[in-house]
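Since we're looking at a predicted model, the values are computed, not measured.
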Amino acid sequence: MVFPVPGGETVALKDADLEIMPGEFISLIGPSGCGKTTLLRLMADLITPTSGELLVNGGTPHAAREKRSYGYVFQAPALMEWRNVLSNVKLPLEVMNLPRDGRDAKAREMLKLVGLEKFERSYPWQLSGGMQQRVSIARALAFDPPLLFMDEPFGALDEITRENLNMELLRLWKETGKTVVFVTHSISEAVFLSTRVVVMTARPGKIEGIVNVDLPHPRGDHSREDPRFFQYAAEIRELLRKGHS
């Protein structure tokens, strides 16, 4: 992926070769500016690759987008302040013109899934940052996409809230069977959440290595104390050093 800049061009991604299987939880990690978000945006058809081949669910990213094959959770919740929680979650169902009588029921089902069923009449400004992100996740899941793209959704939250949402996200992943691609800067978050951690190099970004995380489920505080947790974190840290040199 090459971006034009004044006086030349910036190569954001080069030879980024990766295959993701259905039902995996993949974390992308690497130094700032290495192309993690760019890779996610390419998968989501928000930008078009300069060259190479990219397939999502066996077809083009554009076809996947047309079929509503994925939900996207941004770094910020991006909720509409004038809509209450229920209406925010219903938004994609309205855009897709799904039957009106089923929208409320589906939105309430998603709010229950993320533990916010008692806040459906609240407005975003009445919620904490963590609760707003849970609304954003419920909205992304509302139309039941097989893929969930998440661009560092918990990066701005405090450590305790972040760890709690990590637990919630793993529960949702196990319950729904979605394929998740998750961008993070946190090694411990990547190890805790993932089936595989994809380590990227400094720009131009490519895949430096992949660490398979074989920690049992359900994961919790005990997972972070498992000797294998520290081993995986050390492997990722070494790949990051190698890719940054």
Side-chain angles (χ1 to χ4, degrees), residues 1-5 8-67 69-75 140 145-153 155 169 173 177-215 228 231-245:
M1 183 68 207
V2 179
F3 293 105
V5 296
E9 60 185 24
T10 295
V11 182
L13 292 169
K14 184 178 181 181
D15 301 327
D17 190 5
L18 177 65
E19 183 175 8
I20 297 171
M21 303 304 293
E24 285 196 283
F25 195 120
I26 298 293
S27 285
L28 304 176
I29 192 168
S32 295
C34 74
K36 302 181 296 296
T37 294
T38 296
L39 184 55
L40 202 68
R41 293 176 69 202
L42 285 165
M43 295 178 189
D45 192 43
L46 299 179
I47 53 176
T48 303
T50 311
S51 62
E53 182 182 40
L54 178 60
L55 299 176
V56 179
N57 276 359
T60 65
H62 183 70
R65 186 179 185 184
E66 289 288 304
K67 294 176 182 176
S69 294
Y70 68 83
Y72 201 111
V73 181
F74 296 90
Q75 293 180 16
L147 295 166
L148 186 60
F149 298 143
M150 308 186 76
D151 186 9
E152 206 175 350
L169 180 56
W173 172 64
K178 307 294 183 191
T179 305
V180 180
V181 186
F182 187 94
V183 170
T184 181
H185 279 102
S186 169
I187 294 174
S188 61
E189 182 172 64
V191 173
F192 183 77
L193 291 174
S194 310
T195 56
R196 291 193 296 158
V197 179
V198 177
V199 182
M200 298 181 65
T201 68
R203 187 186 303 128
K206 64 179 180 180
I207 311 302
E208 180 64 39
I210 298 176
V211 176
N212 296 310
V213 180
D214 188 22
L215 292 173
R228 289 172 294 177
Q231 176 187 335
Y232 295 135
E235 288 180 38
I236 294 167
R237 193 170 289 108
E238 182 58 32
L239 285 169
L240 285 168
R241 288 196 190 102
K242 184 179 176 183
H244 200 59
S245 59

Student: Shortest non-hydrogen contact from Gly35 to Leu13?
Tutor: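 Result for this residue pair: O-CD2, 3.8 Å.
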Student: Compare all side-chain heavy atoms of Met43 with those of Leu147 and state whether any distance is below 4.5 angstrom.
Tutor: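 No, their side chains stay 4.5 Å or more apart.
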Student: Which heavy atom of Glu24 sits nearest a heavy atom of Trp173, and at what distance?
Tutor: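 Shortest heavy-atom contact: O-NE1, 3.8 Å.
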Student: Just by modelled atom types, is the Lys206 backbone N or O under 3.5 Å from a matching donor or acceptor in the Thr201 side chain?
Tutor: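 Such a contact is found between Thr201 side chain and Lys206 backbone.
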Student: Could you tell me how the ring of Tyr70 sits relative to the ring of Phe149: parallel (under 30°), tilted (30 to 60°) or perpendicular (over 60°)?
Tutor: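 Tyr70 vs Phe149 ring planes: tilted.
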Student: Measure across Val73 and Pro153 and return the closest heavy-atom pair with its distance rounded to 0.1 Å.
Tutor: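 Here Val73 and Pro153 meet closest at CG1-CB, 3.9 Å.
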Student: With a 4.5 Å heavy-atom cut-off, do Leu215 and Val191 have their side chains touching?
Tutor: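 A side-chain contact under 4.5 Å exists here.
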Student: To the nearest 0.5 Å, what is the distance between CZ (Arg41) and OH (Tyr72)?
Tutor: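 Rounded to the nearest 0.5 Å, the CZ-OH separation comes out at 7.0 Å.
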Student: For the CD atom of Glu235 and the CG atom of Asn212, what is their distance to the nearest 0.5 Å?
Tutor: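 Interatomic distance, Glu235 CD to Asn212 CG, rounded to 0.5 Å: 9.0 Å.
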Student: One pair to check against side-chain contact (heavy atoms from CB on, under 4.5 Å): Leu18 and Ile210. What are the steps and the verdict?
Tutor: CA-CA 9 Å; Leu18 177 65; Ile210 298 176; 3.9 Å; yes
Student: Hey, mind stepping through Ile187 and Leu240 against side-chain contact (heavy atoms from CB on, under 4.5 Å) and telling me if it holds?
Tutor: CA-CA 10 Å; Ile187 294 174; Leu240 285 168; 3.8 Å; yes
Student: Rounded to the nearest 0.5 Å, how far does CG of Leu28 lie from OG1 of Thr184?
Tutor: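 The OG1 atom of Thr184 sits 10.0 Å away from the CG atom of Leu28.
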Student: How many angstroms lie between atom CD of Glu152 and atom NE2 of His185, to the nearest 0.5 angstrom?
Tutor: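 These two atoms lie 5.0 Å from each other.
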Student: Measure the acute angle between the ring planes of Phe25 and Phe182, then classify it against the limits of 30° and 60° as parallel, tilted or perpendicular.
Tutor: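 It falls in the tilted class, 30° to 60°.
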Student: With a 4.5 Å heavy-atom cut-off, do Met150 and Leu169 have their side chains touching?
Tutor: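 Side chain of Met150 against side chain of Leu169, heavy atoms only: contact under 4.5 Å found.
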Student: List the atom of Leu42, the atom of Pro49, and the distance in Å for their closest heavy-atom pair.
Tutor: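 In this case the closest contact between Leu42 and Pro49 is CD2-N, 3.4 Å.
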Student: Could you grab the distance from atom NE2 of His62 to atom OG1 of Thr48, nearest 0.5 Å is fine?
Tutor: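 Reported to 0.5 Å precision, the distance equals 9.5 Å.
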Student: Give me the one residue out of Ile47, Leu46, Leu55, Val56 that meets side chain to side chain contact (heavy atoms under 4.5 Å, CB included) with Pro61.
Tutor: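 Exactly one candidate clears the test, Val56.
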Student: Locate the shortest heavy-atom distance separating Cys34 from Ala202; write the atom from each residue and the value.
Tutor: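 That closest heavy-atom pairing would be CB-CA, 4.2 Å.
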Student: Side chain of Ser194, backbone of Ile26: donor and acceptor closer than 3.5 Å?
Tutor: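 No; zero donor-acceptor contacts below 3.5 Å.
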Student: Against Val213, only a single residue in Leu193, Thr195, Val197 fulfils side chain to side chain contact (heavy atoms under 4.5 Å, CB included); can you say which?
Tutor: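 Running side chain to side chain contact (heavy atoms under 4.5 Å, CB included) over Leu193, Thr195, Val197 with Val213 returns exactly one hit, Val197.
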Student: Taking Lys178 for its side chain and Pro145 for its backbone only, find out whether a donor-acceptor pair lies under 3.5 Å.
Tutor: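 Between the backbone of Pro145 and the side chain of Lys178 there is a qualifying donor-acceptor contact (under 3.5 Å).
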Student: Between the side chain of Lys36 and the main-chain N/O of Met200, is any donor-acceptor distance below 3.5 Å?
Tutor: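 No, because the side chain of Lys36 does not come within donor-acceptor range (under 3.5 Å) of the backbone of Met200.
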Student: Looking at every heavy atom in both Asp214 and Tyr232, which two are closest together, and how far apart are they?
Tutor: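 That would be N-OH, 3.1 Å.
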Student: For the atom pair CE (Met21) and CZ (Arg196), what is the distance rounded to the nearest 0.5 Å?
Tutor: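 Reported to 0.5 Å precision, the distance equals 8.5 Å.
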